[in-house]
2 protein chains.
Amino acid sequence: MVTIADVAKHAGVSPSTVSYVLSGKRSISEQTRSRVEESISALGYHPHAGARSLASSRANVIALVLPLRTDMHVPILMQFATSVVTAAREHDHDVLLLTNDEGPDGLRRVARSALVDAVIVMDIELNDSRVPVLREVGLPAVLIGFPADPAGLTCVDWDFVAAAARCVDHLADLGHREIAFIGPPSAVFARGTGFAQRTTSGFESAVARRGVRATVRPCDPSHSAVRDTVKRLFDDHPALTGLIVHNEAAVAPLLETLRGLGRHVPQHVSVVAMCPEDLAGQVSPRLTAVPIPAEEIGRRAVELLMGKLERAAGVPPATLIAPHLLPGESTAAPPA
Amino acid sequence: MVTIADVAKHAGVSPSTVSYVLSGKRSISEQTRSRVEESISALGYHPHAGARSLASSRANVIALVLPLRTDMHVPILMQFATSVVTAAREHDHDVLLLTNDEGPDGLRRVARSALVDAVIVMDIELNDSRVPVLREVGLPAVLIGFPADPAGLTCVDWDFVAAAARCVDHLADLGHREIAFIGPPSAVFARGTGFAQRTTSGFESAVARRGVRATVRPCDPSHSAVRDTVKRLFDDHPALTGLIVHNEAAVAPLLETLRGLGRHVPQHVSVVAMCPEDLAGQVSPRLTAVPIPAEEIGRRAVELLMGKLERAAGVPPATLIAPHLLPGESTAAPPA
DNA sequence: CAGGGAAGTCGAAGCGCTTCGACTATCCGG
DNA sequence: CCGGATAGTCGAAGCGCTTCGACTTCCCTG
């Protein structure tokens, strides 16, 4: 193994000088710096992570806690994870993967053993058991999602309220007067996931503001459940012309059902989806969507975390990522 | 921070004794052991990971390299990842997540910096650029998938040859005489992914063995591509009664297309899927499937890796996970 | 031209742990 | 009753790195 002492010898300087070249914490003459850098690449030197962590009490590793049992759409989870890894690497950090089956103890363990410097916790529930642990161990953390009491925590999430409102506005602007919201399964609401409730409330205040008649329906993603929900919706509300769907798995069955019912999109009924951009593009017709910016949320979470690690102060406690509408071919003015 | 010295003082022993209690590398009297263990939990002691790694040159961390740009089905990837994390934790190891955008250099970095002890590399291509790096740094590794030259490496994968054959046998046993194989997009073949070719060859030797007429078609997962492929298939082969699909994303469009064509499953045509178990169960009718055992592959990969870390020898170079057939409602005898 | 600060470098002291050799006590067979 | 295992414990030497204080130049300012 190549050590810092080997590099120092090779470059004719002391080990501490090599360390300062690497960290930039003291000024180094241009001449020395380049000599050291040459030695480093000549010898293929990589600092020993453990030694570094021991001496500096900084591991340069962050933990990412993924939900295991999840009602979340898996590809979104994956997008989060990869964007977190990519962003972390840009800040010279690595990512340790933690799942929830170790429970809150996993957090305690990695924090106390100094395996990681900080943590990103995904899929925060309103009453999340991991939050007290976070406060207890004092580990710098960024939460994706908001718990019931976010005091003292740093949270980031998509602005679900604004996203739902954006969907309503789009349909109302086109002239729709009666619309419906097809949401996640009722289990998601029951579990106390904040985003589902925020989406619903965003939807409801927007329809009130726009004076549009509206219905909200939770929906299981199975083909038959979607078919039942949609049929019932049209039976109860014959004047319905606009649908907002916030349930990735229900998107394809929904379109198929509408096709089966002979209701053409967008001629008879308009559909707006809150779903990943690629899903919206894959189906036919291409959906008008307010896409969930998983990549941006992951990146922002990392940046907030790096801010906490470096400056400790001045990091905003709440960050809401603004939604935007991606026009597709699934929305149009309602039939006259 | 609580150190081993604190624990030692609290228990009235030397630090080395505490270390031996923890590692079990020397015998300790029952009395001393329990006193030390009490002190550990009383103080909430967790060994410092960096110090441990420095002193023992074992980080107790393994790296998991996920494909970034991937034609793989994302939920499967996720199942792999979580099963790797779970299995690793059972062996007292953590998992560092690496994506491919850092390229082979990422492997070199984590190996040389002793950040990880070993690595699991997923989605191995026939001519994978990461394989030479693995050989170069001498990092214990388990590959999921097989490169063209697996000499000296430890690989594990599903037995795609047997899986395809199992599908053929099932249809042939039911009496089907003309079947077709709907595979991944041709891009996957072009990329040199071993599993696609092994599946095809498993299919072809099985149909030869069973004397069944057969066609192989790669297929993009888009709705229209599936429709075109299926239509063409039936035009060219009017006697076709059995379909094997090895393309997760194409499953739903395929069923919808068949429904659209008025070909009932399984009365007119039988369908067998090589796909995750949950996907097979979600669609209607429930598919007869040869499910990809992602969880088992991940677990086996970890176990092989632990074997290499502990014993260094006696680890089998190639492990093939046997397929099994999961009966559903999508297969039956062909129409008379 | 003296004095002070900045720039550049070094030596040494740890960071918290593992592990090796050494030491004592105990027990066994001849 | 003695020599030699065996069990149980300790002290000390690092593992490779960062960082602090100290030292030497050199340059600028009054």
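So that the names make sense, note that chain A is the first sequence line, chain B the second, and so on, each numbered from 1.
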task = Output the distance between atom CD (A:Glu295) and atom CD (A:Glu277), rounded to the nearest 0.5 Å.
result = 11.5 Å

Axis bend over the full length of the helix from C:dC1-D:dG30 to C:dC27-D:dG4, computed from five pairs that close each end, to 10 degrees = 40°

message = By the 4.0 Å heavy-atom rule, please label B:Thr32 as base, sugar-phosphate, or nothing.
response = sugar-phosphate

Which atom pairs, donor and acceptor, lie under 3.5 Å between side-chain atoms of residues 137-147 of chain B and protein residues at least two apart or in another chain?
none

request  = Give a yes or no on whether A:Arg300 atom CZ has more than 12 heavy-atom contacts from other residues, nucleotides or ligands under 6.0 Å away.
outcome  = no

Ion pair check, B:Arg33 and B:Glu30, cut-off under 4.0 Å = yes

message = Under the side-chain contact (heavy atoms from CB on, under 4.5 Å) test against A:Val110, which residue among A:Leu96, A:Asp105, A:Asp117 passes?
response = A:Leu96

note = Closest heavy-atom pair, B:Pro75 versus A:Val74, reported as atoms and distance to 0.1 Å, is CA-CG1, 3.8 Å

key: Qualifying residue, where the test is side-chain contact (heavy atoms from CB on, under 4.5 Å) with A:Val7 and the options are A:Leu22, A:Val13, A:Val18, A:Thr17   = A:Val18

inquiry  = Looking at B:Arg35 and B:Glu38, is any side-chain nitrogen of the basic one under 4.0 Å from a carboxylate oxygen of the acidic one?
reply    = no

inquiry  = Below the 4.0 Å mark, does D:dA7 have OP1 or OP2 next to a side-chain nitrogen or oxygen of B:Ser27?
reply    = no

Base-contact (B) and sugar-phosphate-only (S) positions in nucleotides 15-20 of chain D, heavy-atom cut-off under 4.0 Å, - elsewhere = BBBBBB

key: Euclidean distance, atom CZ of residue A:Arg35 to atom C1' of C:dT9 [Å, nearest integer]   = 11 Å

